[in-house]
Amino acid sequence: MDYKNIIITKESGYAILQFNRPEVLNAINMQLMTELVEALENLDKDDAVRCVILTGNEKAFAAGADIKEMADASAIEMLLRDQFARWDKIRKIKKPIIAAVSGFALGGGCELAMTCDMIIASETARFGQPEINIGVMPGAGGTQRLTRAVGKVKAMEIVLTGKIFTAEEAKEWGLVNKVVPVEYYLQEAKDLAKEIASKPPIAVRLAKEAVLKSFDTTIESGLEFERRNFYLLFASDDQKEGMKAFVEKGKPTWKGK
Ligand code: DAK
């Protein structure tokens with residue numbers, strides 16, 4: 001595929017998908033979103049890819065949706081653009097996605113990072129939902145995912161003031177997994193991706209699915225869902241291989257079957 005707004009690099013076991021609009025701090029326009037979703041869906045079908053890293057550059061993960069593209073849109077134009085359908089597709093990706101964030105992750109950029117399954121941040125990362133400062137509010141999950149991650153009072157403060165917060169604060173509030181010096185954030189994300197890529201793929205897929213289920217169900221049906229996925233794994237060759245290797249003190253070789 002010939003992409004203009006993203007760059008895809010494949011490494012052993014994982015892929016890196018880098019936003020490529022540095023001149024506007026990786027502001028997310030419709031074309032970038034279309035490319036991103038298409039690329040993610042293709043990587044999701046690629047057996048050689050077991051984990052995906054989304055990243056920007058040192059200065060910006062993404063400074064939000066492209067304000068210039070939506071500034072003059074009417075409500076009906078926004079509706080017809082149907083951008084939410086594209087954003088929703090990211091949620092359906094089965095492979096784990098790690099956001100490697102440095103610099104600005106604002107508005108839609110912060111929402112995109114939160115749509116990922118894990119976030120590795122550089123010390124220079126800056127998060128926020130500043131939509132309130134331009135007359136709107138978060139529109140791609142900011143009020144929902146942020147609230148689940150940091151709790152009601154913090155989310156209210158962030159969304160209602162639009163204030164930017166640091167990587168360390170994000171870590172302290174439970175939004176990011178790890179904060180490292182800027183020289184290492186991508187390497188840290190790669191190490192995490194490599195580790196996940198070394199695990200049995202079906203178990204990874206069903207475990208991700210079960211964790212995400214916890215966001216939209218009761219504890220009772222979530223536990224039921226988890227149990228079914230757990231039982232299902234006993235139908236995989238990898239379960240037999242993993243447990244046999246443990247008993248025989250060997251090393252398992254995963255088939256992804
Ligand atoms: N959109 C378009 N261009 C942007 C941009 C953005 N979000 N952010 C930065 N840029 C552009 C700037 O206009 C500038 O371009 P030129 O003027 O050079 O042509 C270039 O990037 C460099 O930016 P600055 O000169 O401003 O750089 P500074 O270092 O001085 O400031 C900053 C960096 C990040 C503090 C500042 O650029 C800034 O405040 N940016 C806007 C941040 C923001 O408000 N983000 C939230 C946008 S609203 C939806 C889904 C999601 C959303 C909406 C709908 N649907 C599914 C329908 C999300 C909405 C948002 O994210």
Side-chain angles (χ1 to χ4, degrees), residues 4-7 17-41 54-93 97 99-116 119 121-150 155-170 175-176 182 185 215:
K4 289 194 173 61
N5 298 281
I6 56 173
I7 298 168
L17 205 157
Q18 183 183 18
F19 310 130
N20 188 30
R21 298 189 77 211
E23 67 288 356
V24 287
L25 306 180
N26 293 327
I28 306 161
N29 62 2
M30 287 189 279
Q31 187 58 33
L32 186 149
M33 192 38 91
T34 302
E35 292 180 14
L36 172 63
V37 170
E38 187 184 310
L40 279 174
E41 287 181 338
L54 285 198
T55 196
N57 53 50
E58 280 190 16
K59 185 146 190 229
F61 177 74
D66 193 320
I67 299 172
K68 292 163 198 166
E69 193 178 63
M70 62 184 163
D72 295 324
S74 68
I76 298 302
E77 275 164 355
M78 289 298 280
L79 179 88
L80 293 177
R81 285 177 186 179
D82 203 17
Q83 281 295 303
F84 290 109
R86 288 199 185 88
W87 285 73
D88 283 346
K89 285 183 179 171
I90 299 175
R91 206 161 45 96
K92 304 266 158 52
I93 299 296
I97 308 176
V101 178
S102 182
F104 298 111
L106 304 178
C110 187
E111 289 171 313
L112 197 49
M114 290 191 293
T115 308
C116 297
I119 305 178
S122 83
E123 284 168 351
T124 59
R126 294 291 177 269
F127 298 85
Q129 297 292 158
E131 291 91 338
I132 203 84
N133 297 327
I134 53 170
V136 286
M137 58 176 277
T143 63
Q144 302 302 302
R145 293 198 178 92
L146 184 68
T147 307
R148 281 169 165 81
V150 306
M156 281 290 185
E157 185 185 342
I158 292 164
V159 170
L160 301 185
T161 66
K163 78 176 206 178
I164 289 177
F165 52 99
T166 64
E168 273 308 331
E169 286 172 312
L175 191 71
V176 311
V182 65
Y185 78 100
F215 283 96

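Both backbone and side-chain heavy atoms feed into the values below; hydrogens, waters and symmetry mates do not. Ligands are counted one by one from 1 in listed order, and the atoms in each one are counted from 1 as well.
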Is_contact(atom 25 (O) of ligand 1), protein non-hydrogen, under 4.0 Å: no
Flag, side chain of Q18 to backbone of G56, donor-acceptor distance under 3.5 Å: yes
Pairwise side-chain contact, L17 with I97, heavy-atom cut-off 4.5 Å (strictly under): no
Atom indices of ligand 1 within 4.0 angstrom of W87 heavy atoms, with elements: 50 (C), 51 (C), 56 (C)
4.0 Å heavy-atom contact, K59 with ligand 1: yes
Residue pair R91 / T115, side-chain donor-acceptor N/O under 3.5 Å: no
Contact atoms of ligand 1, heavy-atom distance to A140 under 4.0 Å: 50 (C), 51 (C)
Short N or O distance, F84 and ligand 1, threshold 3.5 Å exclusive: no
Protein non-hydrogen atom below 4.0 angstrom of atom 18 (O) of ligand 1 present: no
For atom 59 (C) of ligand 1, the protein heavy atom that lies nearest, with its residue and separation: A65 CB, 3.5 Å
Under-4.0 Å heavy-atom contact with ligand 1, by part of I28 that carries it: neither
Under 3.5 Å: N/O of I67 near N/O of ligand 1: yes
